[in-house]
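As structure tokens, the structure follows; a few thoughts come after it.
Numbering of ligands and ligand atoms starts at 1, following listing order. Counting from 1, the numbers follow the sequence of the chain as shown. Note that this is a predicted model, so its numbers are computed, not measured.
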Amino acid sequence: MDNVHVALGARAYDVRIGPGLIARAGAEIAPLLARKRVWIVTEERVSGLHLAALKDGLAADGIAAEALILPPGETTKSWAHLQEVVEWLLAEKVERKDVVVAFGGGVIGDLVGFASAILRRGVRFVQIPTTLLAQVDSSVGGKTGINSPKGKNLIGAFHQPSLVLADIGVLGTLTPRDFLAGYGEVIKYGGLGSLEFFEWLEAHGPALAAGDMALRQEAVRRSVQMKADIVVRDETEQGDRALLNLGHTFGHALEAATGYTGRLLHGEGVAIGCALAFETSARLGLMAQEAPSRFRAHLAAMGMKRDLADIPGDLPDADGLLALMAQDKKVEAGKLRFILAREIGAAFVAEDVDLSVVRTVLAEALAAR
Ligand SMILES: NC(=O)c1ccc[n+]([C@@H]2O[C@H](COP(=O)([O-])OP(=O)(O)OC[C@H]3O[C@@H](n4cnc5c(N)ncnc54)[C@H](O)[C@@H]3O)[C@@H](O)[C@H]2O)c1
């Protein structure tokens, strides 16, 4: 079992990582409880596969659990489902000292975290992330929220969980595509902060994707440690935390262009976005020309989408994609903020990027389709 401590003073918490955590969820959560009862919010797919095991794990410690089961998918991160969760928790008479459990991928974690932030002006919640993406990224750091028809993640709050239980065993039921989408965020950590981790992934990525549990645990541990280190330095994204958005300005534009559908998953957009950010960095003379190819070669070795050519269906032209990028939250005083890099593992926040270079990178990537 690994443990990463997120040292945020009064809001500090542990991220436990390892197999079998769902079976021992009761023992892990019990110290947080004022009464032996929790409220689980989950979704249909996760519920069908793992809810009984979680309830058993809680019952083993005498903890009663009620569950609300929502539809799966990104559209659940909406005003309508936020209302449903909050009203359900109120109807269940959840009190300020109670604990809500978010049991699912990033969609459930973001939605339930936000509901917990606003219920009675804030109740505690535990994240039990069930996707690789949620284990390495969305369950840690306290960003919670829902989507607006005007864009993704535009409504939300910072609300740190009280505990995160990343059970490596549940990753075994993910589809290969969902697993690899989460791996897009894992590679992002190598790309933004550690060439050594990227090289470790080059060496072990295929075995990890094939199911090696020890390698999966190590990849989650290293990713969570990197995220925790950054979040502790900059909890509310005034500076360094923006590094975690490597690949996201491009990725979010691609997600918007594909309508947040199965054409492109979030983590797939991030992986392609990292490649485009490296390409832009190389174009600007910041990074060796070979680096973007090396990054893409690893995506190819993993059987992942790596370029705009790999996205099925139509895409807007370069100006259309730039306009979608400008919608992103990372716009400050009308300037697009990009995360660029000097090498794989050395990213930095760039405020004044020449948009004509970005347009050229996009136009060439579109022309290759
Ligand atoms: N808060 C943050 O810091 C942060 C960071 C990154 C991403 N996000 C958000 O996370 C969301 C994406 O998260 P996600 O990729 O986990 O999506 P998701 O929650 O939709 O899960 C992806 C798919 O996996 C299924 N699933 C979940 N667990 C499973 C399991 N153990 N076995 C089989 N299937 C399982 C789900 O039903 C779904 O179909 C996006 O909304 C994104 O904005 C938030």
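For atom 40 (C) of ligand 1, the nearest non-hydrogen atom of the protein is Glu74 OE1, 3.3 Å. Protein heavy atom in closest approach to atom 9 (C) of ligand 1: Asp110 OD2, 3.4 Å. The protein heavy-atom contact nearest to atom 23 (C) of ligand 1 is Asp178 OD2, 3.5 Å. Atom 12 (C) of ligand 1 has its closest protein heavy atom at Leu133 CD2, 3.8 Å. Scanning all protein heavy atoms for the shortest distance to atom 33 (C) of ligand 1 gives Thr173 O, 3.1 Å. Atom 10 (O) of ligand 1 has as its closest protein heavy atom Gly106 CA, 3.4 Å. Among protein heavy atoms, the minimum distance from atom 4 (C) of ligand 1 is reached at Ser138 CB, 3.2 Å. Ranking protein heavy atoms by distance to atom 27 (C) of ligand 1, first place goes to Thr131 CG2, 3.2 Å.
Taking 4.5 Å as the limit, every side-chain heavy atom of Ile29 sits out of range of all side-chain heavy atoms of Asp61. At least one side-chain heavy atom of Leu321 sits under 4.5 Å from a side-chain heavy atom of Leu254. At least one side-chain heavy atom of Ile311 sits under 4.5 Å from a side-chain heavy atom of Ile272. The closest side-chain heavy-atom distance from Ile146 to Asp110 is not below 4.5 Å.
At a heavy-atom cutoff of 4.0 Å, ligand 1 is contacted by both the backbone and the side chain of Val107. Contact annotation for Leu265 and ligand 1: no heavy atom of the residue comes within less than 4.0 Å of the ligand. At a heavy-atom distance under 4.0 Å, only side-chain atoms of Pro72, from C-beta outward, approach ligand 1. Residue Val46 touches ligand 1 through its side chain alone, judged by heavy-atom distances below 4.0 Å. Contacts of Lys188 with ligand 1, taken as heavy-atom pairs under 4.0 Å, are absent altogether. Residue-level proximity to ligand 1 for Leu171 is absent, since no heavy atom of it falls below 4.0 angstrom.
In this structure, Glu44 falls outside the shell of residues with a heavy atom less than 4.0 angstrom from ligand 1. Under a 4.0 angstrom heavy-atom cut-off, Lys227 registers as being in contact with ligand 1.
Near Lys77, meaning under 4.0 Å from one of its heavy atoms, ligand 1 places the atoms 9 (C), 40 (C), 41 (O), 42 (C), 43 (O). Applying the 4.0 Å criterion to heavy atoms of Asp137 picks out, from ligand 1, the atoms 5 (C), 6 (C). Listed by atom number, the atoms of ligand 1 under 4.0 Å from His50 heavy atoms are 31 (N). Close contacts of ligand 1 with Leu49, meaning ligand atoms under 4.0 Å from a residue heavy atom, involve 32 (N), 33 (C).
In the candidate list Lys152, Arg45, Glu43, Lys152 is nearest to atom 42 (C) of ligand 1, counting heavy atoms. Within the set Thr130, Val140, Leu174, the minimum heavy-atom distance to atom 28 (N) of ligand 1 is found for Thr130.
With salt bridges taken as basic N to acidic carboxylate O contacts below 4.0 Å, none links Arg294 and Glu290. Ion pairing between Asp307 and Arg296 holds under the 4.0 Å rule for side-chain N and carboxylate O. Under the 4.0 Å criterion applied to side-chain N and carboxylate O atoms, Lys227 and Glu185 are not assigned as salt-bridge partners.
Ligand 1 has no nitrogen or oxygen under 3.5 angstrom from a nitrogen or oxygen of Glu185.
Tested against His298 for a ring-ring contact (aromatic ring centres under 6.0 Å, His included), the candidates Tyr183, Phe278, Phe197 yield a single pass: Tyr183.
For Arg222 and Tyr189, the positive end is not near the middle of the six-membered ring at less than 6.0 Å and at most 45° from its axis. Cation-pi geometry between Arg216 and Phe179 is satisfied (NZ or CZ under 6.0 Å from the ring centre, within 45° of the ring normal).
In this structure, Phe114 has its ring center no closer than 6.0 Å to that of His81.
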Task: Residue pair His159, Ser116: steps toward the side chain to side chain donor-acceptor pair (under 3.5 Å) verdict - done: CA-CA 8 Å; His159 187 51; Ser116 305; 5.2 Å; no
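Remark: the Glu237 side chain and the Asn245 side chain contain an N/O donor-acceptor pair separated by less than 3.5 Å.
For the pair Met304 and Leu180, the tightest heavy-atom approach, listed with the atom from each and the gap, is CE-O, 3.3 Å.
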